[in-house]
Amino acid sequence: MPIITLPDGSQKNYSKPVTITEIASGIGAGLANAAIAGNVDGNLIDTCIPITKDSKIKIITSKDKDGIDIIRHSFAHLVGHAVKQLYPEAKMAIGPVIENGFYYDIAYKKNFTPEDLKLIETRIRELIALKYDVEVNIVSKEIARKTFIDRNESYKVQIIDQIPDNEIIKLYKHQEYIDMCRGPHVPNTKHLKSFALTKVSGAYWRGDSNNEMLQRIYGTAWGSSKELKKYLNKLEEAEKRDHRKLGKKYNLFHTQEESPGMIFWHPKGWSIYQVLENYIREILSINDYLEIKTPQAVDRTLWEKSGHWEKFKDDMFTTNSENREYAIKPMNCPCHIQVFNQGLKSYRDLPIRLAEFGSCHRNEPSGALHGLMRVRNFVQDDAHIFCTEEQIQQEVDRFIDIVFEVYKAFGFDSIIIKLSTRPANRVGSNEIWDKSEKALADALNFKKLDWSYLPGEGAFYGPKIEFSLKDSLERVWQCGTIQVDFSMPGRLGASYIDENSNKKTPVMLHRAILGSFERFIGILIEEYEGIFPTWLAPIQVSILSLTDRNNDLCKNIYNILIQNNFRAILDIRNEKIGLKIREHTMQKVPYMIIIGDKEQADNTISVRSMKGKDLGNMTINEFQNILKNSILLKAKSQSKE
RNA sequence: GCCCUUGUAGCUCAGCGGUAGAGCACUCCCUUGGUAAGGGAGAGGUCUCGGGUUCAAGUCCCGACGAGGGCACCA
C-alpha cells in the first residue's frame with residue numbers, strides 16, 4: 001500500500017490507492033481547494049488519478065509554474081467548450097500551451113473576427129462561473145476514435161490516427177464538451193480566473209502552407225489577476241519601445257508605400273548607421289579582413305551556376321537590358337568568389353577574408369515585412385573566408401570571439417546561439433554535411449557556449465551557427481551567423497594550388513557579425529529605448545544660448561566641437577532656456593551646453609546631462625575630455641548621470 | 001503569399017451617411033527669459049488610390065496598394 005512522501009520529507013501511509021485530492025484534504029481544506037494537479041515522482045497527474053505505489057509527490061497549485069501551465073492548457077479546453085456552444089459546426093484542431101498563454105486552432109466556415117472573440121470570452125466567463133467539475137476518462141485509442149468520429153471532430157481523429165496503437169488516451173469532459181489531452185487539467189473550472197483572449201489569426205493545419213488555413217485564437221492566462229495585469233502592462237511598455245514608433249519619434253528613418261520593405265534613412269538614423277559601419281570596419285581591419293565592393297546587378301547565369309536561381313528565382317528582383325536578364329544581388333557570396341577567382345591563389349595565401357558592406361535585395365513575402373527587422377533591401381556586414389578544411393575550426397573559433405566582442409560593446413548579454421543542420425532540400429554529400437556540422441559543433445563546444453540544435457534549418461549549401469537577439473516583445477531575430485560551405489566555391493570554379501602543386505577547391509565560410517545593419521539598428525533602438533549612448537548618439541551635444549547676447553560664443557563653441565569631430569547642434573532660437581532644455585532632453589541628446597552672460601564673463605560653459613544632472617561649469621577642453629571618455633566607454637551602461 | 005485588423009493635417013488621434021475637427025508641431029507678432037512647456041494671432045487636409053450604392057460617402061459595399069498582429073517563408 002502506498003507510502004506518500006511530501007516535499008518536506010514527511011511521509012503518510014495509505015491503506016489503499018490514494019488520489020492527490022485525498023492527500024491534499026488530509027493536509028488541509030485550503031490546500032484541497034487549491035490543488036490543481038500532482039507531481040508524482042516527476043510526472044504530472046490529475047488530482048483524481050489513484051496513486052498505487054510508494055511515491056514522492058508534490059501538490060501543484062496556481063502558484064507553481066507547472067500549475068500555471070495546466071491552467072493555460074485548461075483555458076484552451078474552455079475555448080473549445082465555448083466555441084462549440086456558440087458555433088456548433090466548428091471543428092477543434094489543436095490547443096497547446098505557449099509562452100504566457102495558449103491558443104486553439106479551429107476550423108469553421110466563417111472567419112472569426114474580434115467581435116467573435118468578445119463573444120467567446122464572455123461565454124468562457126459564464127462557464128467559469130458555473131464552477132463545473134472536469135472529468136477525466138482514460139480510454140483506448142479505438143474508443144477515443146469513435147468518440148470524435150461521432151462528434152464529427154475530424155482533426156481530432158487525424159491526431160488519434162498518429163498515436164501508437166497501444167497508447168492510452170485521456171478524454172477530458174467539460175460538461176457536454178469533450179477534448180483530448182495528455183493532461184493533467186484542472187479538476188474544476190473554479191481554478192480558471194485570470195485570462196484574456198488576445199488575438200485571432202490564420203494558421204495552417206500542421207504548420208504547412210499546403211494545408212487549409214485554420215483560425216487560431218490566442219489567449220493569455222495567469223495564476224492571479226495581479227500577474228495578468230503585470231503581463232498586460234509589460235506588453236504596453238514594450239510597445240513604447242517599438243523601433244518603428246521610436247524611429248518616427250526621433251526622426252531616424254521612414255518607409256513609404258512606393259518602396260515597401262526598403263528604408264529611407266534620415267540624417268539621424270544614418271548617423272547611427274555610419275558609426276556602426278565604421279566601428280565594424282575597424283574590427284575587420286584588425287582581424288585581417290580585406291574590404292571589397294561588388295556589383296548590384298549580376299547576370300542570371302551566375303545565379304544559375306551558384307544554385308540560387310533554381311531555389312530562389314521568385315524571391316529575387318530581376319531586371320533586363322539588351323536581351324540579358326540580371327538579378328539584383330540577394331547575397332554577396334557569388335560575387336566574392338569572382339574576386340577570389342582573379343589571379344592564381346596558393347595555399348600560402350589562405351585564409352583569404354573578403355569583406356563587403358553589401359547591399360542586398362530579396363523579394364520577401366509581403367506578410368513577412370516588419371519595420372527594420374525584415375526588409376527587402378538591407379546591407380550585410382558580410383564577409384567570406386576562403387580557407388582549407390584544416391583552417392575551418394580556427395576561423396570559426398576566431399569569428400565567435402569577434403561576435404562576442406562586438407555584442408559586448410552594445411551591452412547585449414543574452415545571445416541565443418543555434419546550430420542549424422542539413423535541410424531536406426540541399427546540395428552536397430552527406431559526408432560533407434557530417435564534416436561541416438561537426439566543425440561548427442566542435443567550435444561551439446570548445447568555447448563552452450550554451451547552444452542548441454535547430455535541425456533541418458541550415459542553408460541549402462551548408463550548416464550555420466546563428467547568433468540571435470530579442471526585440472522588446474521578445475521576438476527572436478537572427479543577427480550574426482557563420483556558415484560552412486563546401487559547395488559553392490566548387491560550383492563557381494574557385495581553386496588554389498596546394499603544397500604538392502595540385503589544384504584544390506577551398507572551403508568558404510559565410511559570416512556576418514551584425515547580420516544586417518537595418519535589423520541590428522532595429523534591435524538597438526528597442527534595446528536602448530531610443531536613448532543612444534554617446535558613441536552612437538546622432539547628436540552628442542547641443543549648445544543652447546540663454547539670450548542673443550550669447551549667440552557668438554555659442555557659435556564658437558559649436559565650431560570647436562564639430563571641428564573635433566563631435567556631433568553637435570546649435571540652438572540659438574529666441575526661446576526660453578527651459579523650453580530648449582526640455583526639447584533637447586526629449587530628443588535624448590546626451591549632453592547640453594548652456595551659455596549665458598555668466599559663462600561669457602568667466603569663459604566657461606555650463607554642462608547638463610540628459611538625465612537632468614547639472615555637471616557644473618567647466619572649460620571647453622575639460623568638457624571635450626568628458627565627451628571623449630563617454631564615447632570610449634561605448635556600452636549602454638554609461639550616461640546614467 | 002494566407003487570415004484578422006487598419007489607412008483622416010507634419011505627429012498623435014476624434015468624427016462613422018448631410019458642405020472636415022482637437023492637441024502638439026509649423027508661420028508671424030510680442031517677449032531676451034538662468035536649467036523639462038512665456039503670450040497672442042494665423043496657415044495647414046481631392047479624409048491612401050480606383051470603382052459602386054445613394055438626392056448626398058472619410059462615413060456603407062467591392063477591388064488595389066500600404067501598414068499592424070499572427071501563420072507560412074527567411075539563401
Side-chain angles (χ1 to χ4, degrees), chain A residues 103 105 111-117 198-218 239 242 244-245 248-249 251 254-261 303 306-312 314-316 329-334 360 362-371 373-376 380 420 423 425-427 457-462 464 466 473 475 477-478 481 483 485 488 510 519 544-551 573-586 592-599 606-610 612-615:
Chain A
Y103 68 75
D105 283 352
N111 293 329
F112 292 136
T113 65
E115 278 68 48
D116 293 307
L117 220 61
T198 49
K199 53 200 173 195
V200 270
S201 89
Y204 299 104
W205 168 235
R206 296 206 150 125
D208 185 341
S209 57
N210 295 315
N211 291 341
E212 70 275 25
M213 180 164 271
L214 309 174
Q215 290 164 81
R216 179 169 295 178
I217 292 176
Y218 282 95
E239 260 173 48
D242 188 315
R244 293 162 300 191
K245 275 196 182 149
K248 208 175 255 180
K249 184 173 171 193
N251 199 8
H254 86 271
T255 56
Q256 63 185 54
E257 288 202 26
E258 289 81 355
S259 56
W303 305 108
S306 71
H308 289 95
W309 192 265
E310 190 192 352
K311 197 156 188 314
F312 293 108
D314 295 336
D315 306 318
M316 291 195 255
K329 71 174 171 186
M331 56 187 332
N332 307 300
C333 34
C360 297
R362 296 179 185 176
N363 198 0
E364 303 284 5
S366 57
L369 302 179
H370 184 94
M373 305 298 199
R374 188 84 181 271
V375 287
R376 288 192 174 138
Q380 293 175 310
S420 293
N425 201 352
R426 60 180 184 264
V427 296
E457 296 295 318
F460 71 92
Y461 49 69
K464 58 180 177 179
E466 295 174 12
L473 283 169
R475 289 177 290 217
W477 299 95
Q478 184 203 305
T481 181
Q483 319 182 349
D485 185 348
M488 213 185 294
H510 309 239
R519 178 175 292 180
L544 318 181
S545 65
L546 211 58
T547 76
D548 53 19
R549 291 188 298 280
N550 315 117
N551 287 357
R573 290 175 300 164
N574 173 13
E575 295 290 355
K576 287 200 167 177
I577 197 66
L579 181 94
K580 293 187 187 181
I581 287 170
R582 177 180 155 81
E583 290 187 351
H584 292 267
T585 302
M586 292 200 306
M592 275 165 261
I593 292 174
I594 293 148
I595 294 174
D597 293 342
K598 212 160 58 186
E599 285 70 28
S606 166
V607 180
R608 179 190 158 105
S609 80
M610 177 178 58
K613 189 176 176 195
D614 186 353
L615 303 182

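Source: prediction; values computed, not measured.
- Atom pair A/R573:CZ and B/rG38:P shows a separation of 11 Å (rounding to whole Å applied).
- Between the CE atom of A/M586 and the P atom of B/rU12 there is a distance of 15 Å, rounded to whole Å.
- Using cut-offs of 30° and 60° for the angle between ring planes, the A/F460 and A/F312 rings count as tilted.
- With C1' as the reference atom, B/rC65 and B/rG50 are 11 Å apart, rounded to whole Å.
- Between the side chain of A/S545 and the backbone N or O of A/N550, no donor-acceptor pair lies under 3.5 Å.
- Remark: the separation of the P atoms in B/rC24 and B/rU59 is 29 Å, to the nearest Å.
- Distance, A/M592 CE to B/rU35 P: 14 Å, rounded to whole Å.
- If you check distances only, the side chain of A/D614 never reaches the base of B/rU35 with a donor-acceptor pair under 3.5 Å.
- Checking side-chain atoms of A/K580 against main-chain N and O of A/R573 turns up a donor-acceptor pair under 3.5 Å.
- Residue contacts for A/L579: at a heavy-atom cut-off of 4.0 Å it reaches the sugar-phosphate backbone alone, with no base atom in range.
- Atom name P, nucleotides B/rC47 and B/rG34: the rounded distance is 48 Å, in whole Å.
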### Task
Run the numbers on A/T585 and A/M592 for side chain to side chain contact (heavy atoms under 4.5 Å, CB included), then give the verdict.
CA-CA 8 Å; A/T585 302; A/M592 275 165 261; 3.3 Å; yes
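- Distance check on atom C1': B/rG38 versus B/rU32 gives 12 Å, rounded to whole Å.
- In this structure, A/R244 pairs ionically with A/D242, as a charged nitrogen and a carboxylate oxygen lie closer than 4.0 Å.
- Residue A/K248 is classed as a sugar-phosphate contact, given heavy-atom separations below 4.0 Å to backbone atoms only.
- The closest donor-acceptor contact from the side chain of A/E466 to the backbone of A/Q478 lies at 3.5 Å or more, if one exists at all.
- Projected onto RNA chain B by closest heavy-atom contact, A/E115 and A/K580 fall at different nucleotides, the more 5' of which corresponds to A/E115.
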### Task
Could you give me the CA-CA distance, side-chain angles and deciding distance for A/N111 and A/V200, then say whether side chain to side chain contact (heavy atoms under 4.5 Å, CB included) is met?
CA-CA 9 Å; A/N111 293 329; A/V200 270; over 6 Å; no
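- Across all strands shown, B/rG58 forms no Watson-Crick or G-U wobble pair with both distances under 3.5 Å.
- Taking the syn range as angles within 90° of 0, the glycosidic angle of B/rG58 is syn.
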### Query
What string of B, S and - do you get for nucleotides 66-75 of chain B, 5' to 3', when a contact is any protein heavy atom under 4.0 Å?
SSSBBBBBBB
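- Here the separation of B/rC28 from B/rA36, taken at their C1' atoms, is 26 Å to the nearest Å.
- As the counterpart of B/rG23, B/rC11 is assigned, both hydrogen-bonding distances of the Watson-Crick or G-U wobble pattern falling under 3.5 Å.
- Straight-line distance between the C1' atoms of B/rG17 and B/rC71: roughly 37 Å, to the nearest whole Å.
- Closest contact between the side chain of A/P114 and the listed nucleotides B/rC4, B/rG34, B/rG38 involves B/rC4.
- The CG atom of A/D105 sits 12 Å away from the C1' atom of B/rC3 (whole-angstrom rounding).
- Straight-line distance from the CD1 atom of A/I594 to the C1' atom of B/rG34: 8 Å, rounded to whole Å.
- Within the model, atoms CZ of A/R206 and CG of A/D105 stand 12.0 Å from one another, a figure rounded to the nearest 0.5 Å.
- Among the heavy atoms of the strands lying under 4.0 Å from A/E599 is at least one base atom, whether or not backbone atoms are also near.
- Contact annotation: A/N111 side-chain N/O to B/rC3 OP1/OP2 distance is not under 4.0 Å.
- Pair assignment for B/rG34: none, as no Watson-Crick or G-U wobble contacts are both less than 3.5 Å.
- Nucleic acid contact class of A/S606 (heavy atoms, under 4.0 Å, all strands): base.
- Scanning atom types as modelled, no donor and acceptor separated by under 3.5 angstrom connect the side chain of A/T113 and the base of B/rU5.
- A straight line from CG of A/D116 to P of B/rU5 spans 9 Å, rounded to a whole angstrom.
- Only the C1' atoms considered, B/rG45 is 25 Å distant from B/rG63, to the nearest whole Å.
- Applying the Watson-Crick and G-U wobble criteria (two distances, each under 3.5 Å), B/rA67 pairs with B/rU5.
- Applying the 4.0 Å criterion to OP1 and OP2 of B/rU35, one finds that A/K576 has every side-chain N and O outside that range.
- Under the Watson-Crick and G-U wobble criteria, each requiring two contacts below 3.5 Å, nucleotide B/rA43 is left unpaired.
- For B/rC74, there is no paired nucleotide, since no Watson-Crick or G-U wobble pair has both relevant distances below 3.5 Å.
- To the nearest whole angstrom, the two P atoms, one in B/rG66 and one in B/rU27, are 34 Å apart.
- The side-chain hydrogen bond (donor to acceptor under 3.5 Å, both in side chains) test with A/E364 is passed by exactly one of A/R376, A/R374, A/H370: A/R374.
- Between the side chain of A/R362 and the backbone N or O of A/P330, at least one donor-acceptor pair lies under 3.5 Å.
- Taking atom CD1 on A/I581 and atom C1' on B/rU35, their separation rounds to 3 Å, with Å as the unit.
- In this structure, A/F112 places its CZ atom 17 Å from C1' of B/rC2, rounding to the nearest Å.
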